[in-house]
Each structure stands twice: as structure tokens, then as C-alpha cells.
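See structure below.
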Amino acid sequence: MTDTTRIERYDATAIEPRWQARWDELAMHETDLAAARDRYYLLTMYPYPSGDLHIGHWYIVTPTDALARFQRMHGKNVFLPIGFDAFGLPAENAAIKGGFNPREWTMRNIDNMRRQFRSMGAMFDWSAEVVTCEPEYYQWNQWLFLRFLEAGLAYRAKSPVDWCPNDGTLAREQVEGADRHCWRCGAKVEKRDLEQWYLRVTKYADELLDYGGLDFPEPIKVMQTNWIGRSEGGEIVFTTAPSAHHRGGEELRVFTTRPDTLFGATFMVLAPEHPLVATLTAPERRAEVEAYVAQAATRTEIDRLSTDREKTGVALGSDAINPVNGERIPIFVADYVLAGYGTGAIMAVPAHDERDFAFARKFGLPIRRVVAAPGDESAELDAAYIAHAAGEVLVNSGPYSGLPADEGGRRIVAELQTRDAGKAAVTYRLRDWLISRQRYWGTPIPVIHCPTCGIVPVPDEDLPVLLPHTVDYEGSGVNPLTRDEAFLNVTCPRCGGPAKRETDTMDTFVDSSWYWYRYLSPHKAEAPFDPDLVEGWTPVEQYTGGAEHAVMHLLYAREFTKMMRDVGLIQQNEPWKRLFNQGQILGADGERMSKSRGNTQDPDDLVARYGADSIRLFLMFMGPWDQGGPWSPTGIGGVHRFLSRVWTIVLDPHGREAGDPESGVLPAGQAEAEAGAALRAAAHRTLRDVTTDYEGFRFNVMVAKLMELANTLFRYRGTAAAATPAWDEAVRLLLLMLAPAAPHIAEELWSRRLAAAGVPWTSVHAESWPEVDPSAVIESTREIPVQVNGKLRDKIVVAADATNADIEAAVLARDRVRAILDGRTPDRIVVAGGGKLVNLVIR
RNA sequence: CCCGGAGUGGCGGAAUGGCAGACGCGAUCGACUCAAAAUCGAUUGUCCGCAAGGGCGUGAGGGUUCGAAUCCCUCCUCCGGGACCA
């Protein structure tokens, strides 16, 4: 044991707060937004201030921060802001249940989470922080809303909400149980139609389907595409037939993707909410129809939409006339037709639609086949015939019989169009965005209801419409704004008469649809953002966050960006260039982490025990970032050991391990010069790999590569090689590569090296990312695996510049190979991949 | 039912047409210690074998290829999302 000067142990908790304070002092994380050089906007989804940061927040933020630091070392002017998505239901639920003020509850949580975020040592620019429940932020939600209103992009319409007689409007998660009762009072929840505010996002459906120039994960694009749900077809105008109880002649529009099957329509179905249901109901059927419609209204969505539920419905006692052949077909009301899609009415073609088939079977309605493969026309159908076979033609379709199905469909639509009875049409599943919430804790919608002028926008100069600070729920979930006289009563800005404020607030997805623009000038008083900064810094270069937002938030934000563009506020079409979705950290039980399940992990405890750097590195090391997985702290010790080892390598290069005879001895056959070359090769090869691993978000492999390099250095510790320039170079590279992932220990060891060399301190984080020296990586010999019939049998070592012929000769000269060949000649010798591997083929 | 993702040692995972199991955890043995912790070293897919060596092996089955965890087909399981969208 030659190690007499014992070094201190690696103690993260002693060094991390010190560097965090120093970085703050030097304002190292405040981005100079005015500087035009190499801007790199790295955005991570801002958290909801639920109370405590949990390990899942660290899992999102840690690699994002490493990436920010990596880009900064590449000379980029990196902007990494953070904020809080501070409006929303949990605060209000806590307020109603626990009697807190939602604002105080939220702000307390934010304070705690700020402290926790700081303990991570992330390079967040806190000077850019945004908190959405502050008037400074939400007034611009209001201002943007007014611009959309002027442009006709915001409008008001009736729509149903879940309504509790005691607690008013309920959110989806506030409706509980199969019997649909209120989460607070247990009363039965009903549907109620309210006038509510919408944003006209369906206008952008086609544009949203264009992902040109967007680097998004493929699954996200697929999910958004499905959500938008574009389908092409025709809109066909049926008319109602005269009957004993009414004159008929109303138009009944339907949307179909299969106009080619129009001759197969044997009945029609209206959604229970369809406006013509009452008119078309025959007096003798009224009681039954009304009961059915009422029952449909109370059904849960899930129950109603359940695919395997048996079809139900009621005949109205009226007929419709098929425009293509004048045929009279009966009209039904059934809840398998959705009011919100297409026209809320369908032509039913049981022969070619599964759902119509099931309905027809149940109600004994005719099933008429109109599409068939040639020669197959008369075959009895025992299920709807939907599949598209080559060469199928129309049958039983009057003058169109015999035409190929797709052409027949086009001709039918064209013919109907000449009579104004149909046209080609496109429908989407995407709906306009309902932004009204009947709730206190959100952005007040800035309009006034005047009995004489109607709906009057709040003038810009009267913004913000402030949310009252004190709030009294009076033991109920009903929006307290509706009782707040001071808030409610205003004078009409147009006529000066008494008027009432709108009491609905905005969906919090509005807040999260533009916050990265606000980060650029969070305190700007005269506009939501600075147009120059916005054009200079956005679209955001890279966005990171959870895949659970694949559709809602990510789609809303894209829509919002297009709306802002259309009212002339920005020039870009898309908010972000590149998106990465990390996976989710689950509890040890494999379930979603939640306080109620008791499977959360408090990061504070882990930081106190191992330090932030170990936790950061461990979260990156766990597995691929997009995968997530159940939380288990078992491996943290290994990562912590790695950092301790780096500590020892840097501070005690000449120490040796007691009890290890190999420690301090060069590997057999290696002289000092060869050892130096081996160290340089290892360091530069690691640098080459780690660089591409960072770029490809392969953080787990990156950490593994650094561990390998540390192991190599550790092996040479205490040997003559540890006193060479090659050692110093390898250590330097190791610290630079470690700096983005484990910023504190890298900074500490870097500063100690500078001090030891008598050089003034500069931060490791201000260093440039090093360059690979290709000459260091080149080796003089290489090892080639030898296979016989695809099975590994031997390995040979050849000169690095050996030709294929050299390699073949070397292989055939090997004793082991000759023994296996046993006098035979290989049928083929494959030297693959430029001499990477040899395969001898013997048949 | 539809769409998407994934199945590799005891565990997390690596290898995306070329040496399966990098790196780490755990485990076993050993060093240090009065002892423990910490640290260090060795071994660790599985079966046969004293060994040399060999057989098997990436959810199952088939195919393409000199060569497949990787590509193709059929199927199974798990996770996420959607779900009567005409």
C-alpha cells in the first residue's frame, strides 16, 4: 500500500449547493436573448404545481438539461426556461374540500417546487419564469381571445355539460360510478345545454394533417392523424315523405364514405339529438320515441359508445325518399348514430356496414346487396360485406349496375349534384375546441353580457379582467363567480347601461398553448410577446415532454399557433420543430405514481443521500428515455460508485488498491508508450460514441460508455501511465463528457485540476465540446471473428491494413480452422463488411 | 375491435443484417477489518464435460440470407391510446 495521502471521500451534498450558488451568482443560466448567434431554444413541458416534485419530474428534466448543456458546449446560445401551469382543477378541488384559497395553495406548492428544481442543478433560466395564474400572464390569454373573437375564430354555441343540481358543471373526472353521481354530494348527474365558447380549430384540420418540416415521433403523428380523422365521401340529401301526420319535404342530409352503396339504403337513422326527431315522429309513436330520447340523454358516454352493446332504436313512423331512386325507406332514431359527427343522420346500408347490418337483423329490415365481386351477386350475406376486392362492381343499382364500385360512386354523386341532391364532401372527427369552463380557478373570459347590446367584448384598455382574490365556495362546487356581485356587475362598455360579466373561465389548455412565446419576454406589459424575439427564437428547436400529451396539448398548441398567425401576431406555422416524448416513470408496483396509491418517490430523500448528480445520472442510465418504466432505486449505488471512482481517478491518480496484486502494474506486455496509446484510444473512441449518443438522445448508452472509460482509467491508476500526458488528456475528456450529465462533480473536479495546475478558475460548463482525434482511434491490428457455417469457431488478429486475400490466407492457415475443415475445401469464403468478419461455408 | 409500441440472463438493459448479453444491479467466493459498513478483486445465460471443447439460447412457429434478436409471414402475451366516426 503506497497510498499515504488519503484523499477525502466524494461527498456530493458538500459540493452541490456550493456550485449551484456560484452559478447563480455568475448568472450563468441567464440567456442573452438579444444575442443573435446560434440560438437554440430547448423547451420542456412546464409542470402543474401539484405540491411536490416527484421522481417523474426529474426523469423529464434531467436529460433535457444535459442536452441544453451539451448544446451550450457546442457554442449554441441556449435558452432553457421553466414555469408553472398554475390554473386548473386540482387546486380548486383542494380548495373546495380543504377550505384553502386556490391561489394560496398553488403559490405554496410553486415555492416548494422551485426549491426542489434548484436542487437538481439544472440550467433553467429562472429570470424567464412564467406562472400562468398571475394576471401578468393570463391577461394575455384574454387579449388573444379578443383577437380571435374579432377574427371570427372564437364563437358561442350551445353544448351539453355534465350538471349536478348542487355543484353545477362537473368535469369528466368529477362524475363517478356507473350510475353517474357527483363526486362531492353524490347527486345524480344530468346533461344540461349551456351557451359556451368555442375556438374554430376545425378550420385547420387539413393543415394540421401536414407534418412537413416537423420532426415528430411517428406514433404521435399517427395519433394526431387519427384524432383529426379526415374521411372523404359524399353528402346526400334525402327528403322526408309526406304522411298522415305531416306534410313532408324536409331535407335530411347524410354523410357517407360509400356513395356507391346508395341503392342499398333500406332505412335511415337519426341521432337522438337530431333536430327533426320531434317533427318526424308520428303521434302514435310519440311516447315511445320520447322515452328513448330521454333515456339516451342519461346514458354514460362509455356505455353509449360501447361497441359490443346491442343495437337499440325506435321507428319514428315516417319515411324518407332516396334521391337516387325515389324509394321510400323508414326512419329510425338510434343512439349508435352520433349527433356530433357528420350530419347526425345516416343512410343505413345493412349489406355493407356492420352496424347497420346488426340493426337490420334485430329489427327485421331488408338487407340489399349492391356491391359484389363479379359472379358473387347472389351469395347470401351472413355479415356485412365491407372488404374491397379487386374488380368488384355495383349490382341492383339501376343504371349504375355493372360499373366498377368506385367509379359508380363518383357517377352517382355527380348525377345527384346536377339536381342539388348531393355533393362530394369531407368530414373530420376533429371538433371545435370548447374552451368554456364553469369554474373559478382559470382565466376569466373577457366579455360582457348586456341586455341591450348583447355580447360585448371587454375593451383592451380594461384588461385584465381580474379574478377576485377572495373566493367563497359556500360549501358547493358551483362556480363562485356567479355569486360574486362585485365581479358580476359592470356597466356596458358600449351603451353604459348595467350589464353582467361572463363567468366562464378558460380551459387551461389555452394557457399551455403559447407559454413558450411568453418565456421570451415574461414581464412585457404592452403585448403578449416581443415579435422580434419570437421571430428570432421560435419555432422552438426542441420540445421534450410526456407522450400522454400526444393529442390534446400538442394538437391544441399547433392549432393555437395557426390562429395567432391568422390574426397577424406571428409568421410561423408550427410552434416547435422537433419533439421528443420520454416515457413515464411508474411506481414500483408498475402503476401510475400517485399519492393516493402511496407509490411515489420523493427525490429530496435521494438527493440528501446520494446527491443530485447520482440521481441525474441514474435516471439517464435506467434505460432508453422514451421507454420509462417502474421505479426502482436498486441501481443508484452503482452510478454513485462510478462517480466516486471518477473522483478517485482525478484526485488520486497515483494511488493503488491494497490487496489487488494487479493494481499499479501495467497490463502484461504493455510498455508505458503502449499504455498511453491505449488510454488515448479509449478516450477518443468514447468521445466519438458519446457525442452521437447525446445527439441521438441515447443517454443510457452514453452513461455506460463513460463508465467503461472510467474503468479503463481506473485500471491504469497507479501505473507509470498515470503520469503521462495521455492520462491527463483522457481525464480532461472524461470530465468534459461528464459535465452535461453530472454538472456539479464535473465542475468541482475541473476546478481542482485548474487549481492544482495554478491556472485561474473558469467553469467547465463554459468549455467547448472536445474534438475527436482520428489518429488516436486508429489501431495497428484488429481482431476478426471467424465463423464456419455461421457459427463462431475462431478469432484471428491481422494488421489493420490487411486485404481480404490476406485475411483469407490467415484464416485457412489456422490450426483450429484446418481441424474443422478436416481436408475439405470451403464452398465459399465470405469476408464481410470490409473485413469485419469471416464466414466459411461448407455444404 | 382498431391504431401504435414492446417481448433478450435472476433484474434494468446493450447489440437494428456480421462475435448475443456491453454497462450496471443482484448473487457467490475472496482481500481489507476484532467485526460491520464502505472499498477493492474474481466468477456469474444455460446444459454436458476434470479440462480442452461442445450442445442449446433473444415470446412461439415458418421464411429470406453465407449469416437474423435485427428483415418478411402467421400466431401468442404485455403496455399505451382510441373505440358504433357512417
Side-chain angles (χ1 to χ4, degrees), chain A residues 1 9 217-223 225-227 229-231 233 254-258 261 269 302 304-309 311 334-338 340-349 352-356 358-359 427-431 547-548 550-551 583-584 586 590 618 621-624 626-630 632-639 641-642 644-645 648 656-663 698 700-708 710-711 714 783-795 816 826-833 836-843:
Chain A
M1 182 70 214
R9 281 181 51 236
E218 214 50 43
I220 301 290
K221 291 197 246 179
V222 170
M223 281 162 97
T225 299
N226 289 345
W227 188 267
R230 180 190 159 98
S231 30
V254 303
F255 173 77
T256 177
T257 54
R258 297 290 305 277
T261 64
V269 186
I302 292 167
R304 185 170 159 184
L305 296 182
S306 157
T307 320
D308 22 72
R309 215 180 103 238
K311 296 279 176 288
D335 63 7
Y336 80 90
V337 172
L338 307 175
Y341 182 78
T343 61
I346 61 156
M347 64 176 207
V349 185
H352 305 290
D353 182 281
E354 276 179 77
R355 298 149 299 181
D356 298 346
F359 193 87
T427 342
Y428 303 88
R429 295 173 55 185
L430 184 72
R431 310 293 156 82
E548 66 271 23
V551 176
Q584 218 171 23
L586 306 170
F618 174 65
F621 183 58
M622 273 175 54
D626 57 0
Q627 206 168 290
S632 159
T634 341
I636 299 180
V639 171
R641 251 190 297 283
F642 157 65
S644 302
R645 193 170 270 217
T648 307
R656 294 185 188 181
E657 290 308 319
D660 175 10
E662 306 240 301
S663 177
R698 292 151 33 86
N700 57 328
V701 186
M702 177 273 291
V703 176
K705 295 278 167 58
L706 292 181
M707 286 174 166
E708 274 183 279
N711 290 345
F714 199 75
E783 192 185 55
I784 300 177
V786 179
Q787 295 180 339
V788 176
N789 288 338
K791 286 202 186 293
L792 181 70
R793 295 296 164 177
D794 199 6
K795 289 182 182 184
R816 274 189 53 71
D827 295 290
R828 199 175 151 190
I829 300 177
V830 181
V831 181
K836 246 197 310 193
L837 171 144
V838 177
N839 190 15
L840 305 181
V841 185
I842 310 170
R843 285 286 162 243

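Letters A, B, ... mirror the listed sequences (proteins, then strands); counts begin at 1.
- The closest donor-acceptor contact from the side chain of A/D353 to the backbone of A/A348 lies at 3.5 Å or more, if one exists at all.
- Contact check, A/S231 against B/A86: a side-chain N or O comes under 4.0 Å of OP1 or OP2.
- A 3.5 Å limit on both hydrogen-bonding distances identifies no Watson-Crick or G-U partner for B/A38.
- B/G41 atom C1' lies 16 Å from atom CZ of A/R656, rounded to whole Å.
- To the nearest whole angstrom, the two C1' atoms, one in B/U64 and one in B/A27, are 42 Å apart.
- Rounded to a whole Å, the NE2 atom of A/H352 is 14 Å from the C1' atom of B/A86.
- In this structure, the NZ atom of A/K791 is 17 Å from the P atom of B/C66, given to the nearest Å.
- The base-pairing partner of B/U16, taking Watson-Crick or G-U wobble contacts with both distances under 3.5 Å, does not exist among the strands shown.
- A/F255 has its side chain within reach of A/S231: a pair of non-hydrogen atoms, C-beta onward, lies under 4.5 Å apart.
- B/C29 and B/G54: their P atoms are spaced 31 Å apart (whole Å).
- For A/R793, a side-chain nitrogen or oxygen approaches OP1 or OP2 of B/G54 to under 4.0 Å.
- Looking at heavy-atom distances under 4.0 Å, A/N839 makes contact with a base.
- Figure legend. B/C1 is base-paired to B/G82; pairs are counted as Watson-Crick or G-U wobble with both atom distances under 3.5 Å.
- Pair check for B/U74 finds B/A60; Watson-Crick or G-U wobble, both atom distances under 3.5 Å.
- Atoms CZ (A/F642) and P (B/C25) sit 12 Å apart, rounded to a whole Å.
- The aromatic rings of A/F359 and A/Y336 are tilted relative to each other, their planes meeting at an angle between 30° and 60°.
- The phosphate of B/A86 (OP1 or OP2) has no side-chain N or O of A/Y336 nearer than 4.0 angstrom.
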Steps toward salt bridge (charged side-chain N to carboxylate O under 4.0 Å, His left out) verdict (A/K705, A/E708): CA-CA 5 Å; A/K705 295 278 167 58; A/E708 274 183 279; 5.7 Å; no

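- Across B/A52 and B/U16, the matching P atoms stand 31 Å from one another, rounded to whole Å.
- Nucleic acid contact for A/R641: sugar-phosphate only, since backbone atoms but no base atoms lie under 4.0 Å from a heavy atom of the residue.
- You'll find that the side chain of A/R816 is closest to B/G54, out of B/C23, B/G82, B/G54.
- In terms of polar N and O atoms assigned as donor or acceptor, the side chain of A/K705 never comes within less than 3.5 Å of the base of B/C23 in a complementary pairing.
- A donor-acceptor contact under 3.5 Å is formed by the side chain of A/K311 with the base of B/C84.
- At the heavy-atom level, A/P624 lies under 4.0 Å from the strands shown only through sugar-phosphate atoms.
- A/N839 and A/R828 form no side-chain donor-acceptor contact under 3.5 Å, judged by distance and modelled atom types alone.
- Nucleic acid contact for A/D356: none, since no nucleic acid atom lies under 4.0 Å from a heavy atom of the residue.
- The gap from the P atom of B/A20 to that of B/A68 amounts to 11 Å, rounded to the nearest Å.
- Across the protein-nucleic acid pair, A/E708 atom CD and B/G21 atom C1' stand 13 Å apart, rounded to whole Å.
- Nucleotides B/G26 and B/G13 are separated by 14 Å at their C1' atoms, to the nearest Å.
- A distance of about 4 Å separates the C1' atoms of B/U8 and B/U58, rounded to the whole Å.
- Residue contacts for A/Q627: at a heavy-atom cut-off of 4.0 Å it reaches the sugar-phosphate backbone alone, with no base atom in range.
- One finds no side-chain N or O of A/R9 lying less than 4.0 angstrom from the OP1 or OP2 phosphate oxygen of B/A37.
- Nucleotides of RNA chain B nearest to A/M223 and A/P219 differ in position, and the one nearer the 5' end is that of A/P219.
- Counting to the nearest Å, the C1' atom of B/G82 and the OH atom of A/Y341 are 14 Å from each other.
- Proximity note for A/E783 (side chain, C-beta onward) versus B/C66, B/G82, B/C19: the nearest is B/C19.
- B/G9 adopts a syn glycosidic conformation, its chi angle falling within 90° of 0.
- Within 4.0 Å of A/R645, counting heavy atoms only, lie sugar-phosphate atoms of the nucleic acid but no base atom.
- The nearest whole Å value for the distance from the CG atom in A/N711 to the P atom in B/A42 is 10 Å.
- Backbone-only contact: A/V222 has heavy atoms under 4.0 Å from sugar-phosphate atoms and none from a base.
- Remark: B/A27 base-pairs with B/U43. Criterion, Watson-Crick or G-U wobble with two distances under 3.5 Å.
- Put simply, the side chain of A/R793 never gets that close to the backbone of A/R816: no donor and acceptor are under 3.5 Å apart.
- Phosphate proximity of B/A14 to A/N700: present, with a side-chain N or O under 4.0 Å from OP1 or OP2.
- Between the C1' atom of B/G18 and the NZ atom of A/K795 lies a distance of 13 Å, rounded to the nearest Å.
- Note on A/S632: nothing from the nucleic acid sits closer than 4.0 angstrom, heavy atoms only.
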